[in-house]
Protein chains: 2
Amino acid sequence: MAKEKKTTGQKAGVSKKRLTVHDVAQHAGVSTGTVSRVINEVPGVGADVARRVRAAIDDLGWLPNIAAQNIRASTSRMIGFIFSDIRNPLYATMTKGAEGVFGPRGYLLVSSSSDGRMEREVDLIDLFRRRRADGLILTIADEDNQEVRSAIARSGISFVMLERALDGEATSISADHYGGTRQAVEHLKEMGHRRIAMITGGRGTLVMRERLRALEDAMAAGKLDPDPDLLRLDSFDAEYGYQQVQMLMGKKDPPTAILCLGVRLLPGVVSGLQNMGKTFPGDVSLICSNDTETASILTPPITAIRYDAQLLGKMAAAVLLEQIDQKNSKPEVKKFEIPTELVLRESVRRI
Amino acid sequence: MAKEKKTTGQKAGVSKKRLTVHDVAQHAGVSTGTVSRVINEVPGVGADVARRVRAAIDDLGWLPNIAAQNIRASTSRMIGFIFSDIRNPLYATMTKGAEGVFGPRGYLLVSSSSDGRMEREVDLIDLFRRRRADGLILTIADEDNQEVRSAIARSGISFVMLERALDGEATSISADHYGGTRQAVEHLKEMGHRRIAMITGGRGTLVMRERLRALEDAMAAGKLDPDPDLLRLDSFDAEYGYQQVQMLMGKKDPPTAILCLGVRLLPGVVSGLQNMGKTFPGDVSLICSNDTETASILTPPITAIRYDAQLLGKMAAAVLLEQIDQKNSKPEVKKFEIPTELVLRESVRRI
DNA sequence: TTGTATGCGTTATCAT
DNA sequence: ATGATAACGCATACAA
């Protein structure tokens, strides 16, 4: 059967046909191997031949098909970054930081939101496995979830945990939440506070564990007995902050200070306070984390635990890349921590 | 010549070797073609054979290599989304919306920040071309930049413009900024304002053109003569808002109302005002866009032009997908607009 | 119904 | 220094 090319009847010149090395080779009058050598700067190509090839490339406007390169190199030069929600400025900022180190090194960063749902995390990890991602940055919802952990394990992909930890099993990068929280509580104690509430989320994560440990240690150090009812640890949502702050302030023995730990929590807490006609620091002192523009322009501006989320992203990327480079040798488990800082503003008063 | 397989001498059982269809086929005792048919659900495969294959797949934990699939199908199932900065909640929200429609359809969304630099936009477009992206969502800095436009053209990739337009040359999706701005200005006029300033950025974009046109039309309709010195149109940065609002309020004839159009602008404008001891709406009325949680919890809360950024992302994705599906037929140019809404709060006073 | 062989766009090995 | 050719992992036209 005569094979007829189904031509689209286009004029000569620019055609819609995808171009390949072959087209370039033909145009330059060389072999495909030579074209490949030129673009990969393999030494030992004649100067004028190289010139001809480059001219042909410019002429046709060809760019090598990365998918084809990858299938040969059995790499994808792609990194997956999984977190709960890109709308959280913390993750957006980390993404930005990571992008800055991956891009120049030829890696494509793919960020994706799991909405904190572990089944979705598993799907995403599997997706990245099918796409043969070279590495993963993981900020998962629950470090102990077995489905997620086995998805990670079976993926066989190099990974680092960001703001999360897998015990001694994986390299992790995080802010010093223990130090940050501890410093905040010490500050509150110095200002005379005894009843300190904490609103936050992230059960099953390093971040919550460290924050809680810091609070407990600080209370113990001051010989204050902690009131478990002042701990509201179930969500990072604004709505949760809105509800819980009102429940806390509605108690017969309300807290005199609240740690509001989570970016999206703050608007909720503030409007909850507004809604019940409570003011800060008049009725209650407030410290939030992370520091945001919102925290700084509220009236009054809010004392905040600050850390550099962009640096976190950069470090995660750099560490992961290093790990990928040494994929053959043992996956040395390390732990990185960046410092936090207490930004004093006007939302804490001495009592 | 005897071909010797270079075996790595590993123990049986789990090896680090990447697995392929061949491994699965061998394990199931069938051919590679059959395995392929099973996973692609090609009809006409014996029920028990299919079962055997599936068992083998589960057994080995194999997932088809998407890169290899793509190189055959000459598709990547990847979409690029280019905008200025993922830290802008507007883009984060659009990304979230788009992700929601691409994911279920098997497309991978890759968002990337250009920092508003056109050379970077060109690089990103070329990058997506090398990666053989199937589609592009573009929110570029300047619609008229020739380098960017020719990068788009030579890419040959299907694309839509989001919050941007290319005259009649490309499909665009955007909010009704004319309507939104017009409504805001009419509201200010009703409240007795005559001197209305506008702080915003985005020269060379649909968004600024529409906002400016709305302001001019509204002023003309009210027989008010516009003061060009009340127009501060050079940046979306918080810092710019901080400076310009102080310059405006420092004039001998300051505006009585300011349109602050740009999410990051608002914190700058508010702290600029705070810095010079001016209050709103006492000293000046304020309307911002887009609506954010920040706008709603400031004291007093700020009247805002609101539109659904997530919907914008969803629509861009849906429209682009449709366009990709019909890539053969003509790239019909359409224009989509979603409504805006004026959220009345307490930052505008009658004068 | 299933197997075999070829091609997708590269790169690398082996000739020349 | 350059060309021919075999992989890479998969899907499909064709053969059986």
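Note on naming: letters A, B, ... go to the chains in the order of the sequence lines (proteins, then strands), and numbering restarts at 1 for each one.
- Residue Val21(A) is classed as a base contact, given a heavy-atom separation below 4.0 Å to a base.
- Between the CZ atom of Arg132(B) and the C1' atom of dG9(C) there is a distance of 9 Å, given to the nearest Å.
- Every residue was checked against the side chain to side chain donor-acceptor pair (under 3.5 Å) condition with Ser174(B), not counting sequence neighbours, and none meets it.
- Applying the 4.0 Å criterion to OP1 and OP2 of dT10(C), one finds that Arg37(A) has every side-chain N and O outside that range.
- Side-chain nitrogen and oxygen atoms of Arg18(B) include at least one within less than 4.0 Å of the OP1 or OP2 phosphate oxygen of dG9(D).
- Helix bend of the helix from dT1(C)-dA16(D) to dT16(C)-dA1(D): the angle between its two end axes, each built from five pairs, comes to 50° after rounding to 10°.
- Residues of residues 26-34 of chain A having a heavy atom closer than 4.0 Å to DNA chain C, listed by number: Gly33(A).
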Indicate every side-chain donor-acceptor pair of residues 131-141 of chain B with a distance under 3.5 Å to a residue at least two apart or in another chain.
| residue | atom | partner | partner atom | Å |
| --- | --- | --- | --- | --- |
| Arg131(B) | NH1 | Ser76(A) | O | 2.9 |
| Arg131(B) | NH2 | Arg77(A) | O | 2.9 |
| Arg132(B) | NH1 | Leu63(A) | O | 3.3 |
| Arg132(B) | NH1 | Arg129(B) | O | 3.0 |
| Arg132(B) | NH1 | Arg130(B) | O | 3.4 |
| Arg132(B) | NH2 | Leu63(A) | O | 2.8 |
| Asp134(B) | OD1 | Thr75(B) | OG1 | 3.1 |
| Asp134(B) | OD1 | Ser76(B) | N | 3.3 |
| Asp134(B) | OD2 | Thr75(B) | OG1 | 2.7 |
| Asp134(B) | OD2 | Ser76(B) | N | 3.3 |
| Asp134(B) | OD2 | Arg77(B) | N | 2.5 |
| Thr139(B) | OG1 | Leu162(B) | O | 3.0 |

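- Under the side-chain contact (heavy atoms from CB on, under 4.5 Å) criterion, Arg105(B) pairs with Tyr107(B), Leu321(B), Asp325(B), not counting sequence neighbours.
- With sequence neighbours excluded, the residues forming a side-chain contact (heavy atoms from CB on, under 4.5 Å) with Lys96(A) are Glu99(A), Gln310(A), Asp85(B), Ile86(B), Arg87(B), Ser113(B), Asp115(B), listed by chain and number.
- By the side-chain contact (heavy atoms from CB on, under 4.5 Å) test, Thr205(B) pairs with Glu143(B), Arg164(B), Val207(B), Met208(B), sequence neighbours left out.
- Residue order along DNA chain C, read from the 5' end via each residue's closest nucleotide, puts Ala47(B) first among Ala47(B) and Ser74(B).
- No donor-acceptor distance shorter than 3.5 angstrom exists from the side chain of Asn40(A) to the backbone of Arg37(A), with no hydrogens or angles considered.
- Atoms CZ (Arg77(B)) and P (dA11(D)) sit 13 Å apart, rounded to a whole Å.
- Between Ala50(B) and Ile39(A), it is Ala50(B) whose nearest contact on DNA chain C lies nearer the 5' terminus.
- A search for side-chain contact (heavy atoms from CB on, under 4.5 Å) contacts involving Arg54(B) returns Val38(B), Ala50(B), not counting sequence neighbours.
- With sequence neighbours excluded, the residues satisfying side chain to side chain donor-acceptor pair (under 3.5 Å) with Glu169(B) are Arg149(B).
- Put simply, Arg72(B) has no side-chain N or O that comes within less than 4.0 Å of OP1 or OP2 on dG9(D).
- Asp123(B) pairs by the side chain to side chain donor-acceptor pair (under 3.5 Å) definition with nothing, not counting sequence neighbours.
- Counting all heavy atoms, side chain and backbone alike, Ala25(A) lies closest to Ser31(A) at CB-C, 3.7 Å.
- One atom, CD of Glu41(A), and another, C1' of dA12(C), lie 17 Å apart when rounded to the nearest Å.
- Straight-line distance from the CG atom of Asp48(B) to the C1' atom of dT2(C): 12 Å, rounded to whole Å.
- Computed from coordinates, the Asn40(A) CG to dG9(C) C1' distance equals 13 Å when rounded to whole Å.
- Listed by first and then second residue, the ring pair (Phe, Tyr, Trp, His ring centres under 6.0 Å) pairs that reach into residues 24-81 of chain B are Phe81(B)-Phe83(B), sequence neighbours excluded.
- Within residues 59-71 of chain A, the residues that have a heavy atom under 4.0 Å from DNA chain C are, in order of number, Trp62(A), Leu63(A), Pro64(A), Asn65(A), Ala68(A), Gln69(A), Ile71(A).
- Using a 4.0 Å heavy-atom criterion, one finds that Val42(A) contacts no nucleic acid atom at all.
- Closest non-hydrogen pair, Met161(B) versus Ala170(B), comes out as CG-CB, 4.1 Å.
- In this structure, NE2 of His22(A) is placed 11 Å from P of dA4(D), rounded to the nearest angstrom.
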